[in-house]
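See below for the structure under consideration.
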Amino acid sequence: MKFNAKKALRVVAVASVAALATTAVSTGAHAAPKKTFNIWWYEKGTAMATTWNDALTEFKKAHPDVQVNFQLKTWAQLQNAGNALLSSSSAPDLSEWNKGNATAGSASQANLLTDLTPYAAKYKWDKVLVPSVKLYGQYTNGIMGAGKLYGVPSYGEYVSWFYNKDMFAKYGVAVPTTFAQLEAALAKFQAAGVPPIALAGKDYLIVHLAYGLVASQASLQWVRDFQAFAHPVNFSGPEWTFAAKTISDWNKAGYFEPNVSGVDAATAVADFQKGTYPLLFGGTWLDQDMQAKATSFKWGKFANPGKLSVGSAGNLLVIPAKSKQKDLAAEFINMVLSTKYQNELAKLGGLPIAADPKYVATVKDPVALLTNTVFSSIVKKQGLAMYPDWPVNGYYNNLLAAGTQLLSDNDVAAYEKSTGDFYAANKP
Amino acid sequence: MSTVEVVSERQKRKNRSRRDSRASYYWYTIPGILAFVAVIGYPLFQNVKTSFYKWNGYGTPRYIGWKNYVDLFHDATFWASFAHAAEFIAAMSLVPTVLGLLFGALIFDFVSPYFGQGWTTFVRASLFMPQIIPITVISILWNWLLSPNTGVFNTVLKSVGIHNPPNWLGNSHTAVLSISIMLVWIQIGYTVTIFVTGMGRIDPALHEAASLDGANWWQRFRVITLSQLAPEISIVILTTAVAAIKIFAPVQIMTGGGPGTSTYVPAFFSYFNFFTTQKVGYGSAIATVLMVILSVLAVAMFRFQNRKGVDL
């Protein structure tokens with residue numbers, strides 16, 4: 001389950017040679033009349049968006065006979081109407097797709113995605129996609145973790161604490177490495193009259209904070225049970241209860257603002273960027289935004305203390321079953337996995353899965369360095385617990401609504417019941 | 001005997017010709033019927049059919065009989081969503097009707113005679129404005145107005161010395177109320193417009209006679225205006241109640257059903273099952289129940305209105 005970056009990096013040289021060789025072969029092989037190639041993704045303003053755009057430019061040059069139609073989608077669009085889109089006649093030839101049972105899993109079960117195993121063999125993706133990364137694209141009966149390859153992850157992401165270095169220095173708070181230190185730091189800020197955590201109770205930030213606290217107490221076996229239904233999960237057990245109780249306690253102690261359950265993500269992130277709060281629990285997708293907007297103070301990142309962290313290989317690239325250009329789609333995926341574009345991802349502050357380690361060592365961008373340092377610390381001592389909304393369809397909405405309610409009334413038992421009942425009612 | 005036969009023969013001929021002339025009109029209903037079948041009939045049939053299947057939106061649906069309906073009646077969230085719909089009936093139908101009558105009477109009896117037509121039009125247009133703004137835009141705007149820290153409402157409340165203003169949409173006890181306040185604001189324009197128009201229809205002689213007999217404004221409003229406006233009142237209550245029961249957009253945009261399930265309404269619950277948890281059959285069953293309730297309500301209200309119409 002661990003995201004083994006080192007192993008991934010080690011095989012990079014072989015993979016890149018293979019990639020270049022196969023690209024050369026396929027670019028020389030086309031002589032067909034003008035074809036159309038429809039490609040979708042929803043990355044916008046991230047390192048992935050820039051990298052993929054560059055790859056697409058090269059792809060277009062290599063295929064002057066192909067009309068490339070790109071459409072920018074949104075995460076929510078594919079989350080809510082994904083399977084309907086895939087089964088319609090307007091399904092794309094290649095798309096970014098949400099990972100997990102609820103999305104890619106259910107699409108694979110409905111035979112809406114192409115099994116990429118033959119392409120993986122052809123392009124030797126197994127050398128790039130180490131098992132701990134590949135599993136995010138593998139599904140059996142709609143359950144992630146093993147089986148046929150229905151999607152290809154090409155980057156990593158995780159959720160950690162952003163902190164305001166200036167405020168930490170001003171109030172004499174050290175970067176915490178244990179949960180006790182974290183709570184002591186929160187108490188110190190609170191005692192000084194500074195509510196410590198910028199949180200959005202009405203948006204995804206509460207879903208991630210709750211699962212971050214679960215993950216800090218969870219074992220990899222617990223994650224397997226929760227995500228892949230290996231064994232029943234106890235929603236009143238130490239992992240889930242710890243999270244609900246901690247959030248309720250922090251809420252009562254005033255570690256969030258009083259009306260946190262009505263705050264949305266944009267507001268919470270902006271509040272941190274203005275320097276109002278010393279801490280924000282956020283994902284790597286906020287890095288570029290933070291770099292652009294949190295300019296009035298120095299900021300850093302640290303991993304949430306405890307066992308595991310929220311995160312995974314990033315979203316997948318899939319070839320819908322209805323794709324009319326499967327070979328071209330596989331060729332593009334291969335470009336994204338190539339060292340050239342994996343290195344570019346590293347340079348832009350993304351988390352590549354197959355960049356050249358020598359190149360990564362030369363990257364000077366402070367945010368890229370920071371992101372990679374924290375990631376290594378997570379990978380080294382802990383592991384990734386994936387995301388909480390993956391196991392069952394609609395779980396994100398349930399976790400969000402229950403999280404908002406928890407911040408609104410501090411009822412830990414109601415939170416456990418709502419999230420546990422929904423999980424039980426919708427699991428396969 | 002023969003006379004009777006002759007009469008009946010004539011009668012028959014007359015009936016036939018009337019039927020013939022009517023038959024030629026039936027052709028004109030064909031576009032309407034086709035449109036009805038395409039836009040309402042067929043989707044309705046499909047929806048009812050789907051509600052008897054277990055289906056996730058793709059692949060082969062599996063017939064499960066009444067199971068979706070049985071599950072539905074044991075689903076606490078389903079009943080909670082109807083309870084919230086009832087609260088929205090108050091917000092979209094009852095309160096705007098009462099306020100609409102009062103505002104309408106004020107406009108008709110005071111603004112119009114004392115301030116002139118210009119002011120009357122201005123007041124009516126101002127009240128009607130929320131009706132022409134798309135509900136999506138209104139919901140996003142109010143989301144911002146109700147934001148606990150940066151919103152206009154709480155900024156104003158804080159500036160007048162209220163240090164702990166409500167966490168409008170973030171608190172499960174105030175979320176429905178918050179959306180309701182917005183809905184009242186939207187709906188008043190509709191009720192006022194219809195009632196003011198209705199008041200123009202009332203014979204002024206009734207008011208004059210009552211005034212001469214010494215009736216004050218409140219008595220005239222109660223006895224004359226209210227009873228004369230019965231048709232308008234019933235149509236307003238019907239249309240707004242139906243709109244309230246099928247309310248969706250504000251909930252989807254402003255709260256997503258939360259906190260918890262405190263703002264779930266039937267249409268949102270149906271959508272959630274249909275698209276989010278991909279229980280298409282279950283979502284269809286909810287939509288079917290909703291359709292039956294709305295139809296019963298509409299028929300009952302039309303009956304009531306017709307009876308009232310006869311009395312008048």
Side-chain angles (χ1 to χ4, degrees), chain A residues 76 79-88 102-103 106-107 109-112 142 200-203 206 257-264 266-268 270-271 276 321 389 392-409 411 414-415 417-419 421-422 425-426 428, chain B residues 55-61 71 74-77 80 140 142-151 153-154 157-158 163-175 178 251-264 268-269 271-280 282-283:
Chain A
Q79 182 81 13
N80 291 329
N83 285 350
L85 292 169
L86 285 179
S87 58
S88 79
T103 45
S106 97
Q109 203 175 10
N111 296 320
L112 294 170
K202 194 170 176 274
D203 223 322
I206 178 62
E257 63 167 279
N259 291 326
V260 65
S261 60
V263 176
D264 59 30
T267 307
D271 283 348
T276 315
D389 54 313
V392 292
N393 286 338
Y395 207 23
Y396 171 75
N397 306 60
N398 170 264
L399 289 168
L400 175 58
T404 311
Q405 176 102 58
L406 178 63
L407 290 169
S408 156
D409 61 15
D411 189 341
Y415 177 83
K417 183 165 169 22
S418 165
T419 50
D421 287 355
F422 191 92
N426 290 282
Chain B
W55 190 37
N56 55 9
Y58 46 86
T60 319
D71 290 351
H74 292 101
D75 190 335
T77 314
I140 293 169
W142 275 73
N143 220 351
W144 172 68
L145 292 174
L146 292 167
S147 171
N149 304 312
T150 51
F153 284 11
N154 281 3
L157 289 176
K158 278 178 198 161
H163 295 297
N164 286 313
N167 181 7
W168 301 98
L169 295 168
N171 184 322
S172 48
H173 303 295
T174 55
S178 305
V251 170
Q252 163 78 354
I253 294 164
M254 297 172 77
T255 62
T261 53
S262 60
T263 52
Y264 265 56
F268 179 82
F269 190 48
Y271 165 87
F272 181 69
N273 279 289
F274 209 101
F275 291 105
T276 311
T277 61
Q278 296 183 344
K279 290 190 271 190
V280 174
Y282 197 60

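The sequence lines fix the lettering, A, B, ..., with proteins before strands; numbering per chain opens at 1. Because only heavy atoms are used, hydrogens play no part in the values below, and waters and symmetry mates are left out as well, while side chains stay in.
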S408(A) versus N167(B), side-chain donor and acceptor atoms under 3.5 Å: no
Heavy-atom closest contact (N259(A) atom, P165(B) atom, distance): ND2-O, 4.2 Å
Closest heavy-atom pair and its distance - P148(B), G262(A): CD-O, 3.4 Å
Which atoms of Y271(B) approach chain A - backbone, side chain, both or neither, heavy atom under 4.5 Å: side chain
Leading residue by heavy atom contact count with chain A [cutoff under 4.5 Å; candidates N149(B), N143(B), T150(B)]: N149(B)
Which atoms of T261(B) approach chain A - backbone, side chain, both or neither, heavy atom under 4.5 Å: backbone
Under 4.5 Å from any heavy atom of chain B - which part of F422(A): side chain
Atom pair CG/OG of L407(A) and S172(B) - distance to nearest 0.5 Å: 11.0 Å
Winner by heavy-atom pair count (cut-off under 4.5 Å) against chain B, out of L400(A), T404(A), D271(A), V260(A): T404(A)
Pair N426(A), K279(B): side-chain N/O donor-acceptor within cut-off below 3.5 Å: yes
Heavy atoms from other residues, nucleotides or ligands near NZ of K158(B) exceed 12 (cutoff 6.0 Å): yes
S261(A) side-chain N/O to G170(B) backbone N/O, donor-acceptor pair under 3.5 Å: yes
Closest non-hydrogen atom pair, S106(A) against Q278(B): OG-OE1, 3.6 Å
Atom pair CZ/CG of F275(B) and N83(A) - distance to nearest 0.5 Å: 12.0 Å
Nearest heavy-atom neighbours spanning M254(B) and K202(A): O-NZ, 2.9 Å
